[in-house]
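Reviewing the structure listed below.
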Amino acid sequence: MTRTMQAVEIIKPGGPEVLELCKRPVPNPTHGEVLIKLAYAGVNRPDALQRAGLYAPPPTASDLPGLEGAGVIEAIGPGVTDWAVGDQVCALLPGGGYADYVTTPAAHCLPVPQGMSLDQAACLPETFFTVWSNVFQRGGLTAGERFLVHGGSSGIGTTAIQLAHHFGARVFATAGSDEKCAACVKLGAERAINYRDEDFVEVLRAEGGANLILDMVGGDYLPRNIRALADDGRLVQIAFLQGPKVELNFAPVMMRRLTITGSTLRPQSDLAKARIAEALREHVWPLLDSGAVAPVMDSEFALAQASAAHERMESSGHIGKIVLKVA
Ligand SMILES: NC(=O)c1ccc[n+]([C@@H]2O[C@H](COP(=O)([O-])OP(=O)(O)OC[C@H]3O[C@@H](n4cnc5c(N)ncnc54)[C@H](OP(=O)(O)O)[C@@H]3O)[C@@H](O)[C@H]2O)c1
C-alpha cells in the first residue's frame, strides 16, 4: 500500500500564494539513497526563483521545492553503508524538502553537529555547500586576503562571513540597512558597508582592493566589482538578483589579470556534491561541532505557512536563515 505524506507544492508559477499544501506518496530510496523523515526544511532564495518559474528543477528531481533539511533516517536504499535507520542527519536535497519525507543520495548527508538542534541543522547544507565550493574551492580564499561578500546578511552572506573570518581572511560585507551591517560585523566582518549610504568600490579601493568577491547581485555590480578588485583578484558570481546582462569593459580583466567565474550548485553531479560534502566534513564540521561557527536563524514557520516564509524572504527583512517546521 502506498503511504502518503503532507507536502507543499507549486500549483503554478507565481508569487508566494502559489505554494499550497498537498498529499503526495512517500518516496522510496533507490540505490545509494536514504529516506529522511524531516523535522525541519530550510528556505532558500532559489526556492523562490523555482516558485516564480525562473529556476526549473533538474529533470530527475522532485517538482516539490526544498533544497535542504534535517531529520531522522527512516529507510536506506541498496548499497548504503555509511548511515543506518535512526541516524539524525542534515542533508542537501535534489528538491522535495517541503514535505514530511524526502529521498537524497546518502553521500549528501552530514551528521547533525554536536549539540545542535534540528532546526539549526536544517539551515546548514545549501549555504555551507555553496559557500565552501565557491569561496574556498573555486575562489581559493586564503588567510590574510581581503574578501568582499555582497548580501552579507543573507543566508549565504552570514555563512560566508563566518567561514572567511574563521580561516583568517579580512572580511568586508555589503548590506541594505544599518541593522544588517551591525549583524555582519558581529559575525566577523571588519567593515560592513550600507550600500544605500556608501560606495563599496571606494571602501575597497582605499584598502587596496578585494582579492576575492562573492556576488549574488550582478547588474551594475559587475563593472563596480571589477573596479573594486585588486590586481589578480577573483570574482565569483553565484546569482544575479539585479540581472545577468550588462555592458562591460573587459580591458581591466586583461590588464589587471582578473578572474571572473561562478557556479550554481543544484545542477552539479551527485559525485561533485558528494565531494563537497566530504570537504565540509573535514574542514567545517569540526567548527560547527565546537560552536566556533553557527547558523544565523531568522525565523521559523509551519510547513503550512510556506507562503508566509517566502514573503518574509522576499521582503528582504530577514537576517540569516528561515526554516519550515515539518514534523
Ligand atoms: N549559485 C548557487 O549555487 C546558489 C546557491 C544558493 C543561493 N544562491 C543565491 O545566493 C543568493 C542568496 O541566497 P539566500 O538563500 O542566502 O537568500 P537571501 O537570504 O534571501 O538573501 C538575499 C539577499 O540579497 C539582498 N538582495 C535582495 N534583492 C536584492 C537586489 N535586487 N539587489 C541587491 N541585493 C538584493 C538582500 O539583502 P539586502 O536587504 O541587504 O539588500 C537579501 O538579504 C540568492 O540570490 C540565491 O539565488 C546561489
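Atoms within each ligand, like the ligands themselves, are counted from 1 in listed order.
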Q.
Heavy-atom contact check, 4.0 Å cutoff: does His318 meet ligand 1?
A. yes

Q: Decide whether the shortest distance between a heavy atom of Tyr195 and an atom of ligand 1 is less than 4.0 Å.
A: yes

**Q.** Min N/O separation Val43 to ligand 1 under 3.5 Å
**A.** no

(Q) Is there a polar contact, in the sense of an N or O pair closer than 3.5 Å, between Lys180 and ligand 1? (A) yes

Q.
For Phe200 and His150, I'd like to know if the aromatic rings sit close, meaning centre-to-centre distance below 6.0 Å.
A. yes

What protein heavy atom sits nearest [atom], and how far off is it?
| atom | result |
| --- | --- |
| atom 7 (C) of ligand 1 | Pro46 CG, 3.7 Å |
| atom 20 (O) of ligand 1 | Arg45 NE, 2.8 Å |
| atom 3 (O) of ligand 1 | Leu265 N, 2.7 Å |
| atom 48 (C) of ligand 1 | Ile238 O, 3.2 Å |
| atom 45 (O) of ligand 1 | Ala239 CB, 3.2 Å |
| atom 32 (N) of ligand 1 | Gln242 NE2, 2.8 Å |
| atom 26 (N) of ligand 1 | Leu241 CD1, 3.6 Å |
| atom 23 (C) of ligand 1 | Ser154 CB, 3.7 Å |

Q. Is Val323 reachable from Leu21 through a run of I, L, V, M, F, W or Y residues, each pair having side-chain heavy atoms under 4.5 Å apart?
A. no

Q. So does Glu300 pair up with Lys325, basic N to acidic O under 4.0 Å?
A. no

Q. Are any of the side-chain nitrogens in Arg24 or Asp63 under 4.0 Å away from the carboxylate oxygens of its partner?
A. yes

Q. Counting heavy atoms only, which of Met216, Gln237, Arg196 is nearest atom 12 (C) of ligand 1?
A. Met216

Q) Of Ala173, Ser263, Ala192, which has the heavy atom at the shortest distance from atom 1 (N) of ligand 1? A) Ser263

(Q) Under a 3.5 Å threshold, yes or no: a donor from one side chain and an acceptor from the other, between Ser316 and Arg45? (A) yes

Q. Hey, are the side chains of Pro125 and Leu110 touching, using non-hydrogen atoms and a 4.5 Å cut-off?
A. no

Q: Kindly indicate whether the side chain of Thr104, heavy atoms from C-beta on, has any atom under 4.5 Å from the side chain of Cys109.
A: yes

Counting heavy atoms only, which part of [X] comes closer than 4.0 Å to ligand 1: side chain, backbone, both or neither?
| X | answer |
| --- | --- |
| Val217 | side chain |
| Lys321 | neither |
| Glu314 | neither |

Taking 4.0 angstrom as the limit and counting only heavy atoms of [X], give me the atoms of ligand 1 inside it, by number and element.
| X | result |
| --- | --- |
| Thr264 | 1 (N), 2 (C), 3 (O) |
| Gly176 | 38 (P), 40 (O) |
| Glu126 | 5 (C), 6 (C) |
| Ser316 | 27 (C), 36 (C), 39 (O), 42 (C) |
| Ala175 | 40 (O) |
| Gly155 | 16 (O), 19 (O) |
| Met313 | 20 (O) |

Does [Y] offer a backbone N or O that forms a donor-acceptor pair with the side chain of [X] under 3.5 Å?
| X | Y | value |
| --- | --- | --- |
| Arg266 | Pro58 | no |
| Trp83 | Ile76 | no |
| Arg234 | Thr259 | no |

Q. Rounded to the nearest 0.5 Å, how far does CD1 of Ile260 lie from CD1 of Ile226?
A. 3.5 Å

Q. About how many Å separate CG of Asn44 and CD1 of Ile156, when rounded to the nearest 0.5 Å?
A. 7.0 Å

Q. Among His318, Arg312, Lys321, whose side-chain hydrogen bond (donor to acceptor under 3.5 Å, both in side chains) with Asp298 holds?
A. Arg312

Q: Please report the C-alpha distance between Arg170 and Glu207 in whole Å, then the side-chain angles of each, then the deciding distance to 0.1 Å, and finally whether the salt bridge (charged side-chain N to carboxylate O under 4.0 Å, His left out) criterion is met.
A: CA-CA 10 Å; Arg170 294 181 57 198; Glu207 296 287 342; 2.8 Å; yes

